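Bear in mind the structure is a predicted one, so any value in this text is a computation, not a measurement.
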Amino acid sequence: MFPDVGPLKVITIAVIGILLLGPDKLPEVLQNAARTVRRIREFSGSAQQEIRSELGPEFQDFDVRDLHPKTFVRKHVLSGDDGFGHALSEIRDALDPRPDLSDVADTLRDAASGNGPRSGGAATLAISLAKPPAVAERTRTGFDPDAT
């Protein structure tokens with residue numbers, strides 16, 4: 001029920017309870033608290049049963065926890081059972097820039113290796129912008145003073 005309550009916290013709560021209530025009243029308070037928790041659980045269970053019976057036989061597997069917004073979205077929208085998951089993946093794929101960036105990178109790689117078209121278009125401009133100015137000047141003029 002409380003997964004983050006360790007033994008040290010339980011001991012600390014018990015010591016504080018003994019100091020505040022004293023050893024005489026502590027068992028009474030714990031019994032009252034346990035009784036209250038039991039009554040709340042019974043009330044919750046009867047309320048769920050009443051909701052199930054009012055909704056009809058098609059909702060016998062109804063659970064109140066399914067009405068929590070995060071659970072509802074996870075179960076109905078992201079699961080893909082009723083088409084929303086498919087539509088969500090289509091939107092995600094349409095907004096994904098990776099395929100476009102991959103195409104641009106392939107074009108630039110081909111143009112740099114000399115395999116691409118030599119039209120002097122955007123790929124050549126992008127390559128010349130990516131090179132240092134001196135290399136770009138040598139490439140543009142066809143003159144390379146370093147090559148002797």
Side-chain angles (χ1 to χ4, degrees), residues 1-139 146:
M1 187 172 177
F2 300 106
D4 60 337
V5 177
L8 185 61
K9 289 182 181 180
V10 172
I11 292 171
T12 305
I13 291 171
V15 168
I16 291 173
I18 290 172
L19 290 175
L20 289 177
L21 302 172
D24 300 336
K25 289 187 178 182
L26 187 61
E28 276 182 45
V29 171
L30 290 177
Q31 287 175 352
N32 288 339
R35 192 176 305 121
T36 304
V37 168
R38 194 175 315 117
R39 285 183 185 161
I40 290 172
R41 284 185 181 168
E42 289 172 2
F43 176 74
S44 170
S46 67
Q48 284 185 13
Q49 281 299 100
E50 189 175 328
I51 289 172
R52 284 187 192 119
S53 67
E54 291 292 327
L55 289 175
E58 61 270 4
F59 291 100
Q60 289 301 317
D61 61 342
F62 172 74
D63 190 9
V64 176
R65 288 175 279 191
D66 291 341
L67 297 177
H68 189 276
K70 286 184 181 178
T71 308
F72 184 83
V73 167
R74 191 177 305 123
K75 184 175 180 182
H76 295 288
V77 176
L78 299 179
S79 69
D81 292 341
D82 49 2
F84 288 120
H86 181 67
L88 188 64
S89 66
E90 284 183 6
I91 292 170
R92 189 179 303 129
D93 291 342
L95 296 176
D96 188 13
R98 287 180 285 193
D100 296 334
L101 292 176
S102 173
D103 292 344
V104 169
D106 290 342
T107 304
L108 291 175
R109 211 174 292 119
D110 290 344
S113 66
N115 297 335
R118 297 229 173 235
S119 64
T124 308
L125 175 63
I127 291 171
S128 66
L129 292 176
K131 293 179 182 179
V135 174
E137 181 63 27
R138 280 184 254 140
T139 305
D146 295 334

**Study point:** Flag side-chain contact, heavy atom, 4.5 Å: Leu20 against Ile16
**Key:** yes
Check your understanding: What is the distance from atom CD1 of Ile13 to atom CD1 of Ile18, rounded to the nearest 0.5 Å?
Key -> 12.5 Å
Study note, to complete from the structure: In this structure, CZ of Arg41 is separated from OG1 of Thr36 (nearest 0.5 Å) by 12.0 Å
Review point. Can any side-chain N or O of Ser44 pair as donor or acceptor with the backbone N or O of Ile40 at less than 3.5 Å?
Key: no
Exercise for review: Check Leu21 against Lys25 and note the closest heavy-atom contact, atom names and distance.
Suggested key: O-CB, 3.6 Å
Review point. Does Thr107 use its side chain to pair, donor to acceptor, with the backbone of Asp103 at less than 3.5 Å?
Key: yes
Check your understanding: Between Asp100 and Val104, is a side-chain contact (heavy atoms from CB on, under 4.5 Å) present by the stated rule, with each step listed?
Key -> CA-CA 6 Å; Asp100 296 334; Val104 169; 5.7 Å; no
